[in-house]
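Letters A, B, ... are given to chains in the order of the sequence lines, protein chains preceding strands, and every chain is numbered from 1. Note that these values count all heavy atoms, side chains included, but never hydrogens, waters or copies made by symmetry.
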Protein chains: 2
Amino acid sequence: MYSNELVRGTLKTIILQLLGEQNQMYGYELSKLVKERTQEKIVLTEGALYPILHKLEKDKLVVTNLEKVGNRTRKYYALTSNGKTSAKEKKNELLEFMETLKMLMEPKPIMLCNY
Amino acid sequence: MYSNELVRGTLKTIILQLLGEQNQMYGYELSKLVKERTQEKIVLTEGALYPILHKLEKDKLVVTNLEKVGNRTRKYYALTSNGKTSAKEKKNELLEFMETLKMLMEPKPIMLCNY
DNA sequence: TTTTTATACCTAATTTGCTTATACATAAGA
DNA sequence: TCTTATGTATAAGCAAATTAGGTATAAAAA
């Protein structure tokens with residue numbers, strides 16, 4: 001389990017990215033998927049998850065539809081057109097940020113053995 | 001410039017790592033180095049920098065010594081033994097976290113073309 | 001059959017790590 | 001002379017998370 005400070009700030013990007021992979025997903029499914037793929041090294045708690053999803057909906061980056069499974073209701077989330085754009089932008093920003101961090105922490109000389 | 005949420009949580013690790021590279025550094029020097037190495041894509045503002053440095057000192061991960069340059073005083077920070085250990089741990093955590101993020105966002109199948 | 005675990009959603013109070021803004025002071029350059 | 005660079009410091013405020021609680025159904029274990 002990574003420290004909270006580290007994970008904080010990446011959750012919205014993660015959610016947008018995962019929603020971009022599938023047609024639609026529901027909250028519980030998202031949290032399970034993150035847990036599984038990261039071997040519980042990243043955990044999307046409900047307290048973080050649902051407020052983010054609601055914010056995304058409010059910002060029109062996702063749309064929802066309710067589906068009944070037996071007697072329980074699932075709330076599926078799907079990216080809008082804006083959401084897809086935002087997902088790509090956020091992902092790129094994160095990947096670039098990681099590159100920048102590596103550059104900062106492990107600076108390599110530009111020229112190697114140039115003599 | 002990356003969004004604040006993204007940078008948040010990585011600053012302490014960055015500072016510890018940079019202090020590990022040199023014998024000692026002072027605050028202003030740290031902020032300049034980060035700006036320069038990242039082409040201003042990551043900026044260590046004073047409001048973030050100094051509280052972190054003070055916390056590190058309080059936690060005995062760094063020790064300070066004042067040096068006079070002309071009429072101005074520089075406060076140099078150097079890692080303690082614990083600080084060196086912590087720096088390595090934090091760096092590893094960050095690197096692992098980045099790997100986990102990539103795995104999460106771009107999951108590759110384990111076996112490729114195995115037929 | 002009762003209890004626990006898994007599924008499924010939600011929110012309020014609090015914490016935290018930053019930003020923003022401000023302060024003080026010296027040195028150098030325009 | 002005014003601005004920019006150097007150098008340290010802190011206080012108020014914010015936003016994204018944590019922590020901790022709530023509601024409810026379904027399945028599995030005791």
*Asks:* Quickly work out the B:Glu46 CD to C:dT20 C1' distance and round it to whole Å.
*Replies:*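 The answer, rounded to whole Å, is 11 Å.
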
*Asks:* Identify whether the distance between the nearest side-chain nitrogen and carboxylate oxygen of B:Arg37 and B:Glu21 falls below 4.0 Å.
*Replies:*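 Salt bridge flag = yes for B:Glu21 with B:Arg37.
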
*Asks:* Hey, which sits more toward the 5' end of DNA chain D by its nearest nucleotide, A:Lys12 or A:Val69?
*Replies:*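 Closer to the 5' end of DNA chain D: A:Lys12.
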
*Asks:* Whole angstrom is fine here: how far is it from CG in A:Asn4 over to C1' in D:dA16?
*Replies:*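 It works out to 11 Å between those atoms.
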
*Asks:* Taking atom C1' of D:dA20 as reference, at what distance in whole Å does atom CG of A:Leu49 sit?
*Replies:*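 Spelled out: CG on A:Leu49 to C1' on D:dA20 is 16 Å.
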
*Asks:* Look at A:His54 and C:dC9 and indicate whether a side-chain polar atom (N or O) is within less than 4.0 Å of OP1 or OP2.
*Replies:*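 Checking A:His54 against C:dC9: no side-chain N or O falls below 4.0 Å of OP1 or OP2.
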
*Asks:* Assign A:Gly47 to base, sugar-phosphate, or nothing according to its heavy-atom contacts below 4.0 angstrom with the strands shown.
*Replies:*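 Base contact.
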
*Asks:* Would you kindly say whether A:Glu57 and A:Thr64 are connected by a side-chain donor-acceptor distance under 3.5 Å?
*Replies:*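 A donor-acceptor contact under 3.5 Å links the two side chains.
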
*Asks:* Once you round it to whole Å, what is the distance between P of D:dT6 and CG of B:Leu66?
*Replies:*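 Rounded to whole Å, this separation is 20 Å.
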
*Asks:* Mapping A:Val43 and B:Arg72 to their closest nucleotides on DNA chain D, which lands nearer the 5' end?
*Replies:*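 Mapping each residue to its closest nucleotide by heavy atoms, the 5'-most match is B:Arg72.
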
*Asks:* Looking just at side-chain N and O atoms, do A:Tyr2 and B:Thr100 make a donor-acceptor pair shorter than 3.5 Å?
*Replies:*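 Distance-only check passes for A:Tyr2 and B:Thr100.
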
*Asks:* Do NZ/NE/NH1/NH2 and the carboxylate oxygens of A:Lys91 and B:Glu106 come within less than 4.0 Å?
*Replies:*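 Answer for the salt bridge query: yes.
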
*Asks:* Mind calculating the distance between CG (B:Leu11) and C1' (C:dT19) to the nearest angstrom?
*Replies:*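 It is 11 Å, rounded to the nearest whole Å.
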
*Asks:* Closer than 4.0 angstrom, basic N to acidic O: yes or no for B:Lys90 and A:Glu5?
*Replies:*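 Yes, B:Lys90 and A:Glu5 are salt-bridged.
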
*Asks:* With a 4.0 Å cutoff (strictly under), does any side-chain N or O of B:Tyr26 reach OP1 or OP2 of D:dG7?
*Replies:*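 Result: yes.
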
*Asks:* Tell me whether the OP1 or OP2 atom of D:dG7 has a side-chain N or O from B:Arg74 closer than 4.0 Å.
*Replies:*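 Looking at the OP1 and OP2 atoms of D:dG7, one of them is under 4.0 Å from a side-chain N or O of B:Arg74.
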
*Asks:* Just compare C:dT11, C:dC18, D:dA9 and give me whichever is closest to any side-chain atom of B:Tyr77.
*Replies:*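 Of all the options, the side chain of B:Tyr77 is nearest to D:dA9.
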
*Asks:* Indicate whether OP1 or OP2 belonging to C:dA8 is found under 4.0 Å from a side-chain N or O atom of A:Lys75.
*Replies:*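 So the side-chain polar atoms of A:Lys75 never come under 4.0 Å of the phosphate oxygens OP1 or OP2 of C:dA8.
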
*Asks:* Distance check: side-chain N/O of B:Tyr50 vs OP1/OP2 of D:dA9, anything under 4.0 Å?
*Replies:*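 It does not, given that no N or O in the side chain of B:Tyr50 lies less than 4.0 Å from OP1 or OP2 of D:dA9.
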
*Asks:* Just call it for A:Tyr2: base, sugar-phosphate, or nothing, with non-hydrogen atoms closer than 4.0 Å on any strand.
*Replies:*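 Answer is nothing: A:Tyr2 stays at 4.0 Å or more from every strand.
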
*Asks:* Report the distance from atom CG of A:Leu6 to atom C1' of D:dA16, rounded to the nearest whole Å.
*Replies:*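 My rounded result for the distance is 15 Å.
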
*Asks:* Please report the distance, rounded to the nearest Å, between NZ in A:Lys32 and P in C:dC9.
*Replies:*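 Spelled out: NZ on A:Lys32 to P on C:dC9 is 12 Å.
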
*Asks:* Within less than 4.0 Å of OP1 or OP2 of D:dT18, is there a side-chain N or O belonging to A:Thr45?
*Replies:*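 Looking at the OP1 and OP2 atoms of D:dT18, one of them is under 4.0 Å from a side-chain N or O of A:Thr45.
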
*Asks:* Take atom CG of A:Leu30 and atom C1' of C:dA8, then tell me their distance rounded to the nearest Å.
*Replies:*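 Distance check: A:Leu30 CG to C:dA8 C1' gives 13 Å.
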
